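Everything on this sheet refers to the single structure shown next.
Please read these numbers as outputs of a predicted model, since none were measured by experiment.
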Amino acid sequence: MVRSIRHWCLTTGMLTENRVGGGALKATDLGTLLLSDEGLDPYLEDPATLWLLHWQIASNRSRATTWFWTFSYFHEPEFTRETLCSALHQWSQRLPGKSVAYSSIKRDVDVLIRSYVPPRQGRSITAEDSIDCPLIELGLIIRANAEETYHFRRGAQPGLPNGVLLYAILSFWQAFSPTTETLALSDLARQPASPGCIFKIDELSLIERLRDVENQTGGCLSYSETAGLKQLYRRKKISPQDALIMAYTNRERRL
């Protein structure tokens, strides 16, 4: 259990390894902002935190590869555990380095599905297994029928707070194109590890969410459609952490 806690704290970016201290863990700036005694959500009670943790996990290619690939590259309208395992295994075989065993991928996929889909009622499970993962509340993966078929719930995601969406946009911007002051809407919607992919927000819904972004950010960001180009502009510097505070201090859920 201790190893599991360590893994998920590192994966969500709440903790990092202190190289100087021989690998000891220390809180990151994000972890302190969120979970300190005076933090935004020290007891993990705000629904905004679940969306934030989902973003932190699913955009983390190195520590949560199955989550990253599933939300960024897997676009089937419906799927089973087996089809997801098979597609992920084929992708992994093209990566450099040691090949990944199919059994390892299957275990990862089982954990992913259980993280987002509640167990069936009446199923015989242990007391520990009866505790659902909090990410189930997001409803991002839906069980379609009795044949254990699943699909992603795509759309505007009205439960996703503005601040978390902006945090994700700015974090993606830093990683994808840090030196530019414009970002194409198509990249925000479709690039791997983009907010559109990770949150399953379609392009039209992103447009609606971004129309009032200038007012929401005090002029730091603005959205424009000029000569057929749909782009987000960065007018003034704003950090992802500054945007994140909006999710906890401003309860408006739509931009």
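Between S186 atom OG and K230 atom NZ the span is 9.5 Å, to the nearest 0.5 Å. To the nearest 0.5 Å, the span separating CZ on R209 from CG on N162 amounts to 5.5 Å. Distance CZ/R81 to OG/S86: 15.5 Å, rounded to 0.5 Å. Within the model, atoms CZ of R190 and NE2 of H75 stand 10.0 Å from one another, a figure rounded to the nearest 0.5 Å. Here NZ of K237 is found 11.5 Å from CG of L170. Values are rounded to the nearest 0.5 Å. With rounding to the nearest 0.5 angstrom, the CE atom of M14 is 5.0 Å from the CD atom of Q56.
Under the 3.5 Å distance criterion, the side-chain polar atoms of R153 are matched with a main-chain donor or acceptor of L138. A side-chain donor-acceptor contact under 3.5 Å links S92 to the backbone of H89. A donor-acceptor pair under 3.5 Å is formed between the side chain of S36 and the backbone N or O of G39. At least one donor-acceptor pair under 3.5 Å links the side chain of Q157 to the backbone N or O of F199. A side-chain donor-acceptor contact under 3.5 Å links H54 to the backbone of I198. Although no hydrogens or angles enter the test, the distance criterion places a donor-acceptor pair under 3.5 Å between the side chain of K200 and the main chain of F71. In this structure a side-chain-to-backbone donor-acceptor pair under 3.5 Å is present from N60 to T11. Although no hydrogens or angles enter the test, the distance criterion places a donor-acceptor pair under 3.5 Å between the side chain of W173 and the main chain of T180. The backbone N or O of G13 lies less than 3.5 Å from a partner atom in the side chain of T28, making a donor-acceptor pair. Between the side chain of R143 and the main chain of P119, no donor-acceptor pair closer than 3.5 Å is present.
Contact record, S224 with T226: OG-OG1, 2.9 Å, taken as the closest heavy-atom pair. Contact detail for Q191 and S194: the closest heavy-atom pair is O-OG, 2.7 Å. Between S72 and A193, the closest heavy-atom pair is OG-N, 2.7 Å. Across all their heavy atoms, Y102 and C85 have their closest contact at OH-CB, 3.3 Å.
Within the hydrophobic cluster formed by Ile, Leu, Val, Met, Phe, Trp and Tyr side chains joined at under 4.5 Å, directly or through other members, L10 is accompanied by L15, L25.
For residues 202-232, no pair satisfies ring-ring contact (aromatic ring centres under 6.0 Å, His included), with sequence neighbours left out.
Within 6.0 Å of the CG atom in D110, the count of heavy atoms belonging to other residues, nucleotides or ligands exceeds 12. More than 12 non-hydrogen atoms from other residues, nucleotides or ligands lie less than 6.0 angstrom from CD of Q93.
Side-chain contact between P195 and L165 is present, with heavy atoms from C-beta onward closer than 4.5 Å. Residues L84 and E76 form no side-chain contact, since every pair of their non-hydrogen atoms from C-beta on lies 4.5 Å or further apart. Using a 4.5 Å heavy-atom cutoff, the side chains of L40 and D46 are not in contact. W8 has its side chain out of reach of L53: every pair of non-hydrogen atoms, C-beta onward, lies at least 4.5 Å apart. With contacts defined as side-chain heavy-atom distances shorter than 4.5 Å, the pair Q231/E181 does not qualify. Under the 4.5 Å side-chain criterion, counting only non-hydrogen atoms from C-beta, F79 is not in contact with T70. Counting heavy atoms from C-beta on, the side chains of L210 and I169 come closer than 4.5 Å. I141 has its side chain within reach of F152: a pair of non-hydrogen atoms, C-beta onward, lies under 4.5 Å apart.
Transitive grouping of hydrophobic side chains (ILVMFWY, heavy atoms separated by less than 4.5 Å) keeps L160 and I142 in distinct clusters. Placement of L52 and I136 in two distinct hydrophobic clusters is found when ILVMFWY residues are connected by side-chain heavy-atom separations under 4.5 Å, directly or transitively. Cluster annotation: F172 and Y233 are assigned to distinct hydrophobic clusters (Ile/Leu/Val/Met/Phe/Trp/Tyr, side-chain heavy-atom contacts under 4.5 Å, transitive). In the hydrophobic cluster analysis, where Ile, Leu, Val, Met, Phe, Trp and Tyr join through side-chain heavy atoms closer than 4.5 angstrom, L229 is grouped apart from V213. Hydrophobic cluster membership is shared by F68 and L95, with clusters built from Ile, Leu, Val, Met, Phe, Trp and Tyr side chains linked at under 4.5 angstrom.
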- Residues V100, T65; criterion side-chain contact (heavy atoms from CB on, under 4.5 Å); working and verdict: CA-CA 11 Å; V100 181; T65 306; over 6 Å; no
- Message: Under the criterion side-chain contact (heavy atoms from CB on, under 4.5 Å), I'd like the reasoning laid out for L221 against L166: C-alpha separation, chi angles, the key distance, then a yes or no.
- Response: CA-CA 10 Å; L221 302 178; L166 286 174; 4.1 Å; yes
- Query: Taking it one step at a time, do W51 and Y167 satisfy side-chain contact (heavy atoms from CB on, under 4.5 Å)?
  - Reply: CA-CA 11 Å; W51 288 100; Y167 173 86; over 6 Å; no
- Query: Does the side-chain contact (heavy atoms from CB on, under 4.5 Å) test come out yes or no for D108 and L88, once each step is laid out?
  - Reply: CA-CA 10 Å; D108 256 19; L88 178 55; 5.6 Å; no
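Judged by distance alone, the side chains of D202 and S205 do bring a donor and an acceptor atom under 3.5 Å apart.
For the ring pair (Phe, Tyr, Trp, His ring centres under 6.0 Å) criterion with F74, the lone passing option out of W69, W91, Y150 is W69.
Between R235 and E214 there is no salt bridge, since none of the side-chain N atoms of the basic residue sits less than 4.0 Å from a carboxylate O of the acidic one.
Residues passing the side-chain contact (heavy atoms from CB on, under 4.5 Å) test with S115, sequence neighbours excluded: W67, V111, C133.
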